[in-house]
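Notes follow the structure.
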Amino acid sequence: MVYTRKNQRNLSSAERRAFVSAVLELKRTGVYDQFVRTHIAFYVSDGDVGLRVAHMAPSFLPWHRRFLLVFEQALQRVNPRVTLPYWDWTRDNSPASSLWAEDFMGGNGRRGDFQVMTGPFAYARGQWEISVNVTEGRFLTRDMGRPSHPIHLPTPADVNRALADPVYDVPPWNSTSRTGFRNKIEGWTTASGEARFRNHNQVHRWVSGVMVGAAAVNDPLFWLHHAYVDSLWSRWQAAHPGSKRYLPEAPPPEGDPQHGRVASLRELMPPFDVTPLSVLDHSGIYRYA
């Protein structure tokens, strides 16, 4: 049966509780930290040697689509009624949004150390100690909007500019690709200051704290953010039915700087036993409300 991923603002109180409880149970059993380890392991950049699948590459969208689905399936083993909600950051775009409620994601970090003190994922509540990290930090941190170096959340116009590009991705298939939907939505640019980051990247930096970098999964907000990014990919697919659904279709040839470094349409995306082709259509599994 096809299930629905809802906008978090439309969840009932019972649905919020069920989602939070399932996430906390995965944390208690150690399953959650496996997802953190996976993201850290596959968070590689343009300059790294070898295959890049999770970021700065065409497979950014299909890799995370699969990552989200595997996590959602883990949640559903705890509670079969739970699905991933999404956060539309073009609409719920302030620290006053219902997203940050005490019974859901909790609020901003406190001054000084940016430790989140409210909500179910606050370290002080005793159920959310960060044990897998790239730093020594043990508690969830946020610094919304980064007042010391201000940044804003993306607007509908920002999203629409990405959605309007009819080409999925372009050479050199990395963070320097100047056009193509994938990099416009992932959000790497050659600009400076706040303009350096767009859409997906901009949101990570607006939340700040542990949401910046490879260990971003330590903030459960990660899943709501990426569910929205996945929904935008779905919208792009529907808006451009005549476009190539994924590029590159064939592996870059020998001699190409990206040979062996990006996954083409029919190549596996580790650590998953799936190809970009196999995850292009999710309509038989879930839909977005």
Side-chain angles (χ1 to χ4, degrees), residues 2-11 15 19 22-23 35-36 38-39 42-43 53-76 82-92 99 105 153-154 156 158-165 168-169 180-188 198-204 206-207 211 216-217 219-241 243-247 263 265 269 271-272 274-289:
V2 177
Y3 56 83
T4 300
R5 291 179 177 175
K6 295 182 179 180
N7 189 323
Q8 60 80 28
R9 61 163 38 217
N10 297 324
L11 295 178
E15 288 171 328
F19 176 74
V23 171
F35 287 93
V36 181
T38 296
H39 196 263
F42 288 90
Y43 187 95
V53 287
H55 287 274
M56 303 186 195
S59 51
F60 164 71
L61 291 164
W63 191 92
H64 281 87
R65 176 168 285 180
R66 182 62 180 176
F67 191 48
L68 265 64
L69 184 59
V70 174
F71 179 70
E72 190 170 46
Q73 290 168 341
L75 292 173
Q76 290 170 346
V82 169
T83 62
L84 279 179
Y86 64 89
W87 169 32
D88 179 352
W89 21 260
T90 68
R91 185 176 183 185
D92 291 303
L99 173 72
M105 290 293 106
L153 285 170
D158 294 326
V159 168
N160 289 336
R161 277 192 291 271
L163 291 171
D165 195 317
Y168 177 79
D169 207 352
F181 170 72
R182 187 275 308 172
N183 198 27
K184 285 183 178 179
I185 210 67
E186 189 175 3
W188 303 104
R198 287 286 179 252
N199 293 312
H200 157 267
N201 288 345
Q202 192 175 346
V203 174
H204 277 279
W206 184 88
V207 177
M211 270 285 275
V217 182
D219 191 336
L221 185 66
F222 172 93
W223 305 104
L224 283 71
H225 170 37
H226 273 272
Y228 186 58
V229 172
D230 185 66
S231 77
L232 294 177
W233 185 25
S234 295
R235 284 169 57 185
W236 181 86
Q237 290 175 304
H240 304 282
S243 298
K244 299 282 189 182
R245 295 182 298 165
Y246 181 88
L247 292 168
L265 183 65
M269 301 180 294
F272 312 117
V274 298
T275 65
L277 177 63
S278 68
V279 301
L280 293 182
D281 183 6
H282 62 74
S283 62
I285 305 172
Y286 62 87
R287 69 180 185 88
Y288 285 101

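The shown structure was predicted, so the numbers you read here are calculated from the model rather than taken from an experiment. Positions are given from 1 along the sequence.
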Just to verify, what does [X] make a salt bridge (Lys or Arg N to Asp or Glu O under 4.0 Å) with, not counting sequence neighbours?
{"X": "Arg287", "result": "none"}
{"X": "Asp230", "result": "Arg5, Arg65"}
{"X": "Arg161", "result": "Asp158"}

Before giving the answer on side-chain contact (heavy atoms from CB on, under 4.5 Å), spell out for Val229 and Val203 the whole-Å C-alpha distance, their side-chain angles and the decisive distance to 0.1 Å. CA-CA 11 Å; Val229 172; Val203 174; over 6 Å; no

Tyr228/Gln8 under side-chain contact (heavy atoms from CB on, under 4.5 Å): CA gap, chis, key distance, verdict: CA-CA 10 Å; Tyr228 186 58; Gln8 60 80 28; over 6 Å; no

Would you call the rings of Tyr288 and His282 parallel, tilted or perpendicular, taking 30° and 60° as the class edges? perpendicular

Using 30° and 60° as the class boundaries, would you call the ring planes of Trp87 and His225 parallel, tilted or perpendicular? perpendicular

Quick one: list whatever passes side-chain contact (heavy atoms from CB on, under 4.5 Å) with [X], sequence neighbours left out.
{"X": "Arg245", "answer": "Leu277, Leu280"}
{"X": "Tyr43", "answer": "His39, His55, Ala214"}
{"X": "His240", "answer": "Pro166, Trp236, Ser243"}

What pair of heavy atoms forms the shortest contact from [X] to [Y], and how long is it?
{"X": "Ser59", "Y": "Tyr246", "answer": "N-OH, 3.3 Å"}
{"X": "Tyr168", "Y": "Pro62", "answer": "OH-CD, 3.4 Å"}
{"X": "His64", "Y": "Ala54", "answer": "CE1-O, 3.0 Å"}
{"X": "Ile185", "Y": "Ala162", "answer": "CD1-CB, 3.9 Å"}
{"X": "Pro58", "Y": "Leu247", "answer": "CB-O, 3.2 Å"}
{"X": "Leu163", "Y": "Leu232", "answer": "CD2-O, 3.5 Å"}

Would you sort out whether Tyr3 and Gln76 count as a side-chain contact (heavy atoms from CB on, under 4.5 Å), showing the intermediate values? CA-CA 12 Å; Tyr3 56 83; Gln76 290 170 346; 3.7 Å; yes

What about His200 and Phe60, are their ring centers closer than 6.0 Å? yes

Would you say the side chain of [Y] lies within less than 4.5 Å of the side chain of [X], judging by non-hydrogen atoms?
{"X": "Arg198", "Y": "Pro154", "result": "no"}
{"X": "Phe222", "Y": "Phe67", "result": "yes"}
{"X": "Leu224", "Y": "Phe19", "result": "yes"}
{"X": "Arg235", "Y": "Asn160", "result": "yes"}
{"X": "Thr83", "Y": "Glu72", "result": "yes"}
{"X": "Val23", "Y": "Leu75", "result": "yes"}
{"X": "Leu153", "Y": "Gln202", "result": "no"}

Measuring from atom [atom1] of [X] to atom [atom2] of [Y], what distance do you get when rounded to the nearest 0.5 angstrom?
{"X": "Leu84", "Y": "His226", "atom1": "CG", "atom2": "NE2", "answer": "12.0 Å"}
{"X": "Leu221", "Y": "Trp89", "atom1": "CG", "atom2": "CH2", "answer": "12.0 Å"}
{"X": "Leu61", "Y": "Asp169", "atom1": "CG", "atom2": "CG", "answer": "8.5 Å"}

Taking Asn201 for the side chain and Glu186 for the main chain, is one N or O donor matched with an acceptor at less than 3.5 Å? yes

Donor-acceptor check, side chain of Asn7 to backbone of Ala289, threshold 3.5 angstrom: yes or no? no

Tyr286/Leu68 under side-chain contact (heavy atoms from CB on, under 4.5 Å): CA gap, chis, key distance, verdict: CA-CA 12 Å; Tyr286 62 87; Leu68 265 64; over 6 Å; no

Step by step, would you call Phe272 with Trp63 a ring-ring contact (aromatic ring centres under 6.0 Å, His included)? CA-CA 8 Å; Phe272 312 117; Trp63 191 92; 5.4 Å; yes

Surrounding CZ of Arg9 (heavy atoms of other residues, nucleotides or ligands, distance under 6.0 Å), is the total greater than 12? yes

